[in-house]
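Data block below; observations after.
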2 protein chains.
Amino acid sequence: MTDRVETKAPVRRRKEARPQELTAAALSLFVEKGFAATRLDEVAARAGVSKGTLYLYFDSKEALFLAVIREGIVPIIEEGRKLLEAHADDPERMLREYLFGWWALFGSTELGGVPKLMTSEAQNFPEVAQYYVREVILPGKALMREVLDRGVAKGVFRQTNSELVTHILMAPLLHLALWRHSFAVCCQVPDMDPAAYLESFFDLVLKGLAVTPEGGK
Amino acid sequence: MTDRVETKAPVRRRKEARPQELTAAALSLFVEKGFAATRLDEVAARAGVSKGTLYLYFDSKEALFLAVIREGIVPIIEEGRKLLEAHADDPERMLREYLFGWWALFGSTELGGVPKLMTSEAQNFPEVAQYYVREVILPGKALMREVLDRGVAKGVFRQTNSELVTHILMAPLLHLALWRHSFAVCCQVPDMDPAAYLESFFDLVLKGLAVTPEGGK
DNA sequence: GATAAATAACTGACTGGTTAGTAATTAAAT
DNA sequence: ATTTAATTACTAACCAGTCAGTTATTTATC
């Protein structure tokens, strides 16, 4: 490096950063318009490159889809696990952290559009769907089940079919995210405050899971 | 030729039946493959006609989409309302009928794929989405709110934010339908029994909504 | 009641626009 | 000078929507 004039010229060649820039652009557009309706030209343009460049890093549109999931979501799961471990001794608190943490780390971000995306395209891209189930849905449910089981063990929650209840408890979270990325965008719906929604949900579930008062009917 | 074979010949012209046959074919395919991935040639073929015929009855692919919603779902809402009126004096029973009726009349049928469809395409077809919100989602929620309010009035359910709680209670129903039409199809997931799922959900909600025992904390 | 004319339902080849993916080419870095 | 990054121009396939023409059914005429 003899001379230093590079500050002005736009940096052109960024092999390391490109994949991340492209998956970020793809995530935005996939979430916004759906997978099928998103043109690879657009993805490239939003990342500031041409379509040809995109093909230097990803073999196909489907490969890009898979990368979006892998880069975007898989790391979040691990973060969530750590968050919960901090309250492993208090199941009620753990449940609360799950709900609000899910929203803070995932639902409220751009990633919150991924459930919509995956649900729509699962049939058309079975391999991506299987990856998503294995790496996201099952670990996420396992984490929820951990919360429930711990509550039962501590005598705070009553015994339930935890397989079914984990499914049921994930639903309002996913629904909140789906709603935001579908009808809330195009139809003027009475604005729903996520915090109030989660608070109501937490309240409902806590009472629904509470052990029946001492020997009561 | 002299011989008469007219009884054998398939009836060709069925002006009255066509739209219904076409929307039925479209529903199946839209649910199965998604709106964007469904070709109108396929829809026509499944209805036993050519693509040209489809355009005699529907102006565009979007118009067909709208017709699928209108013909398929809107009538169900009215059916649901009647079902609930039969138990207007018993809120717990009403809630139970809502959950299981929703599944029987809607979720378990082919129409159960429509929420997935609408969620995916709401952004791309705002007019269809607005119609769906107005004619399906809002009436459906109003019906649920009726159940809750009646329960509160009768002193069976505790007071809650019924706007938020209706949303929350719809979520596990929709989730069940979405699941069936996405991941359950392409990934070998441990089979989830809808009846058991609904039973668990009903149990959870009933306890979650119960008025706190006489003055208890 | 047979035949012809008119109409309604339907067909399938075609068009025009779109887009995933490729190949030829240029620019930059070492 | 060679390798790597990126662009541009291209291709091949796809599909919504059209339309000139065909077949079936109804109506009119004798």
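Below, chains carry the letters A, B, ... as their sequence lines are ordered, and counting in each starts from 1. The model shown is predicted, which means the values in this text are computed figures rather than measured ones.
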Practice task
Examine the base of dG17(D) for any acceptor or donor lying under 3.5 Å from a partner atom in the side chain of Lys51(B), and report the outcome as yes or no.
Solution key: yes
Problem - dA5(D) OP1/OP2 closer than 4.0 Å to side-chain N/O of Tyr57(A) - result: no
Handout entry: Interatomic distance where CG belongs to Leu56(A) and P belongs to dT3(D) [whole Å]
Key = 17 Å
Practice task
Could you check how far CG of Asn124(B) sits from C1' of dT18(C), rounded to whole Å?
Solution key: 15 Å
Exercise for the section: Among the candidates dC10(C), dG17(D), dC15(D), find the nucleotide nearest to the side-chain atoms of Ser50(B). Expected result: dC10(C)
Handout entry: Flag for Ser182(B)-Gln123(A): side-chain donor and acceptor within less than 3.5 Å
Key = no
Practice task
Kindly say if Thr53(A) contacts the phosphate of dA6(D), meaning a side-chain N or O under 4.0 Å from OP1 or OP2.
Solution key: no
Practice task
Measure from CZ on Phe58(B) to P on dA16(D) and round the result to the nearest Å.
Solution key: 15 Å
Problem - Residue pair Ala37(B) / Asn124(A): nearest heavy atoms and the distance that separates them - result: CB-ND2, 4.0 Å
Exercise for the section: Let me know the distance between CG of Leu54(A) and P of dG21(C), rounded to the nearest Å. Expected result: 10 Å
Fill in the blank from the handout: Whole-Å distance, Leu64(B) CG to dG17(D) C1', equals 13 Å
Practice task
Check the distance between dC14(C)'s P and Tyr55(B)'s OH and give it to me in whole angstrom.
Solution key: 19 Å
Completion exercise
side chain to side chain donor-acceptor pair (under 3.5 Å) pairs touching residues 165-178 of chain B, sequence neighbours excluded, are Lys141(B)-His167(B)
Exercise for the section: Scan Leu40(A) against the nucleic acid and name what it touches under 4.0 Å (heavy atoms): base, sugar-phosphate only, or nothing. Expected result: sugar-phosphate
Exercise for the section: Rounded to the nearest angstrom, tell me the gap between atom CD in Glu42(A) and atom C1' in dA20(C). Expected result: 14 Å
Practice task
With the side chain of Lys61(B) defined as its heavy atoms from C-beta on, choose the nearest nucleotide among dC15(D), dT11(C), dG17(D).
Solution key: dG17(D)
Problem - Euclidean distance, atom CZ of residue Arg39(B) to atom P of dC14(D) [Å, nearest integer] - result: 8 Å
Exercise for the section: May I ask you to check if Arg96(B) and Phe202(B) form a cation-pi contact, with NZ or CZ under 6.0 angstrom from the six-membered ring centre and within 45° of the axis? Expected result: yes
Practice task
Any salt bridge (charged side-chain N to carboxylate O under 4.0 Å, His left out) involving residues 24-35 of chain B? Give me the pairs, sequence neighbours left out, ordered by first then second residue.
Solution key: Glu32(B)-Arg46(B), Lys33(B)-Glu42(B)
